[in-house]
Amino acid sequence: MAGAIASRMSFSSLKRKQPKTFTVRIATMDAEMEFSCEVKWKGKDLFDLVCRTLGLRETWFFGLQYTIKDTVAWLKMDKKVLDHDVPTEEPKTFHFLAKFYPENAEEELVQEITQHLFFLQVKKQILDEKIFCPPEASVLLASYAVQAKYGDYDPNVHKRGFLAQEELLPKRVINLYQMTPEMWEERITAWYAEHRGRARDEAEMEYLKIAQDLEMYGVNYFAIRNKKGTELLLGVDALGLHIYDPDNRLTPKISFPWNEIRNISYSDKEFTIKPLDKKIDVFKFNSSKLRVNKLILQLCIGNHDLFMRRRKADSLEVQQMKAQAREEKARKQMERQRLAREKQMREEAERTRDELERRLMQLKEEATMANEALMRSEETADLLAEKAQITEEEAKLLAQKAAEAEQEMQRIKATAIRTEEEKRLMEQKVLEAEMLALKMAEESERRAKEADQLKQDLQEARESERRAKQKLLEITSKSSYTQSMNSSTTALPTDLPSFNLISESLSFDFKDTDMKRLSMEIEKEKVEYMEKSKHLQEQLNELKTEIEALKLKERETALDILHNENSSRGNSKHNTIKKV
């Protein structure tokens, strides 16, 4: 009895020890995941689980976003998941998104997974027109997106219409011009073909390098009112706080860089920005909701921390990640070079094989023609021989008739004709016989000459036949040599040199000489970058000029007009902020 009670108690204690759980669905830019979470989990526990699952180490850029009462909110790391204002039904859905943006994507984004997530998010924002992008830049960005998805351009594979189902340009850009989808595809493909040799991560980074110079990139906008009740927009980004007119999200009226802000605070719906320079007035504004003020403060704190962090030496973790990224980049570069060499050698082998096959076909055609000529020569020789034989027989027959005529003439002469009439008739017959004999002799001589000529033609035909056989023999010997060469060449790719790269042997020990070489390489890359930028700007201007004639002016949006005005004044995102 006591044992039964003890077993029931242990069972009930085990049952009590099982933690309560709830289901969470996490949506990234290209996938969805579901997790079973404990009730006591905080936001950091769930966030860390997602980052581990993705293999993401640059966690400071990201967060878990959810929507409550039409307002965007982010999961707090130090607060329990269930204590947030999340819907009660399961699974509870969160979006894993970039919360903070880098100032320079190429320098700050180390991991390939980080670059890829940023690429997908920025691309979606441009296509959804949350980031304004001018038409010519949209085409260039689309070409890098195609390179990232399809790899190198191959006209045999990427034929006309292969982008028909792809969403590559904002609808605003498509509607702004009298251009068919085929015309857009042609212009995107022209730039896509120039990106040959870029891997997916390189194409995505080029996309981000262009996108980060767009005015609305990385800016979170909030509707506010100043003390006078004037409606304004507050923009929070990696560089600071910016105040905009509601109709102009491209050019800020006032900017507060993070290093010039002393304090940021809010009380209820009133938000206060205190500049570092005490001579500058404190800026106060009101937002629509308290929840919005909390979100603004979160973004300000996170962006300010990253702003200060960028201006300090990298932490040990970041240094390790960058070293690993350099090693991985070097390994991939060597692998790409090896593959490029193998591809080049394979293409050369295929070209040689094709040339040999073409030569073999040519030799076969020549051999066929020689065979046909030989057959015609043999037929001609046979006909000539037959004709010569017939002519010779006819000559013999004529000679025989001439002999018979001569005998007849001798017999007639020997016959004594006594009467004058018989003599006259006999003379006439003799004359006719002589004429016939003369004619027969001439015909016999002509036939003999013709027979001699036919014999000579037969001799020439046999000589031509001998030469055709000799040429055929030469062609046959050449074709056998070509076939042996072809078989050896076709087997070439399997014997191509290979390079085995062992990751353990790849290390970087930077000495003084290495640093000098690295400095030289950096300077060289700067020069190349400036040249590429100049070439890129020329291409963008060329495309803009080319499609300008097809623009429908009446469909221009307010942002299009503002962007054109800024461009005509030579204003860009960075120099505008500096001026403000």
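Values reported hereafter were calculated over all heavy atoms of this structure, with side chains retained and with hydrogens, waters and symmetry mates removed. Throughout, residue positions are numbered sequentially from 1 according to the sequence presented.
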Name each donor-acceptor pair under 3.5 Å that joins a side chain in residues 153-170 to protein atoms two or more places apart or in another chain, with its distance.
unit_1, atom_1, unit_2, atom_2, d
Asp154, OD1, Asn156, N, 3.1
His158, ND1, Asp154, N, 2.9
His158, ND1, Asp154, O, 3.4
Glu166, OE1, Lys149, NZ, 3.2
Glu166, OE2, Lys149, NZ, 2.6
Glu166, OE2, Tyr150, OH, 2.7

Angle class for the Phe62/Phe96 ring planes (parallel below 30°, perpendicular above 60°, tilted otherwise)? parallel

Please determine which of Gln324, Arg326, Arg331 meets the side-chain hydrogen bond (donor to acceptor under 3.5 Å, both in side chains) test together with Glu328. Arg331

Can you check whether Leu97's main-chain N or O pairs, donor with acceptor, with Gln121's side chain at less than 3.5 Å? no

Where do Lys343 and Leu339 land on the side chain to side chain contact (heavy atoms under 4.5 Å, CB included) test, with the steps shown first? CA-CA 6 Å; Lys343 184 179 180 182; Leu339 291 174; over 6 Å; no

Gln362 atom CD: more than 12 heavy-atom contacts under 6.0 Å: yes

Would you compute the distance between atom CG of Leu117 and atom CG of Asp30 and round it to the nearest 0.5 angstrom? 6.5 Å

More than 12 non-hydrogen atoms from neighbouring residues, nucleotides or ligands closer than 6.0 Å to CE on Met435, yes or no? no

Supply the atom-to-atom distance Gln115 CD to Glu202 CD, rounded to the nearest 0.5 angstrom. 10.0 Å

Atom NE2 in His95, atom CD in Glu32: separation rounded to 0.5 Å? 8.5 Å

Determine whether more than 12 heavy atoms belonging to other residues, nucleotides or ligands lie under 6.0 Å from atom CD of Glu347. yes

In Å, rounded to the nearest 0.5 Å, how long is the span from NZ of Lys439 to CG of Leu398? 11.0 Å

Separation of Leu208 CG from Phe118 CZ (nearest 0.5 Å): 8.0 Å

Between Glu215 (side chain) and Arg249 (backbone), is there a donor-acceptor pair under 3.5 Å? no

So which heavy atom on Arg198 is nearest to which on Asp152, and how close? N-OD1, 4.0 Å

Carboxylate-amine/guanidinium contact Glu112 Lys332, below 4.0 Å: yes

Please name the pair of heavy atoms, one in Pro102 and one in Tyr217, separated by the smallest distance, quoted to 0.1 Å. CD-OH, 3.7 Å

For Gln125 and Met216, indicate whether the former's side chain and the latter's backbone hold a donor-acceptor pair under 3.5 Å. no

When you look at Leu397 and Glu393, which way does the side chain to side chain contact (heavy atoms under 4.5 Å, CB included) test go after all the steps? CA-CA 6 Å; Leu397 184 60; Glu393 290 177 354; over 6 Å; no

Going by an N to O cut-off under 4.0 Å, is there a salt bridge joining Glu432 and Lys429? no

Keeping the roles fixed (side chain from Gln389, backbone from Ala385), state whether a donor-acceptor pair exists under 3.5 Å. no

What's the shortest heavy-atom distance between Leu141 and Ala211, and which atoms? CD2-N, 4.3 Å

Of all pairs that satisfy ring pair (Phe, Tyr, Trp, His ring centres under 6.0 Å), the ones with a partner from residues 170-190, not counting sequence neighbours: Tyr177-Trp184

Just by distance, do the side chain of Thr180 and the backbone of Met183 share a donor-acceptor pair under 3.5 Å? yes

Heavy-atom pair with the smallest gap, counting every atom of Gln147 and Gly197: NE2-N, 4.4 Å

Salt bridge check: are Glu355 and Arg358 linked by an N-O gap of less than 4.0 Å? yes

How close do Met440 and Ala402 get, heavy atom to heavy atom, and via which atoms? CB-CB, 4.0 Å

If we only count heavy atoms from C-beta on, is the Arg200 to His116 side-chain gap below 4.5 Å? yes

Just verifying a value: how many Å separate Glu372 CD and Thr368 OG1, rounded to the nearest 0.5 Å? 6.5 Å

Test Trp191 against Tyr144 for side chain to side chain contact (heavy atoms under 4.5 Å, CB included), laying out the working first. CA-CA 8 Å; Trp191 261 338; Tyr144 280 114; over 6 Å; no

Working note: Gln456 + Gln453, criterion side chain to side chain contact (heavy atoms under 4.5 Å, CB included); need CA distance, chi angles, decisive distance, verdict. CA-CA 5 Å; Gln456 186 177 350; Gln453 183 63 37; 3.9 Å; yes

Can you tell whether the side chains of Arg338 and Glu335 come within less than 4.0 Å, N to carboxylate O? yes

If we ignore hydrogens and angles and just use 3.5 Å, is the side chain of Ser143 paired with the main-chain N or O of Leu140 as donor and acceptor? yes

Check the side chains of Gln410 and Glu406 for a donor-acceptor pair under 3.5 angstrom, ignoring hydrogens and angles. yes

Do side-chain atoms of Glu58 reach the backbone of Val110 as a donor and acceptor pair under 3.5 angstrom? yes

Met33 to Thr53 - nearest heavy-atom pair and separation: SD-CG2, 3.7 Å

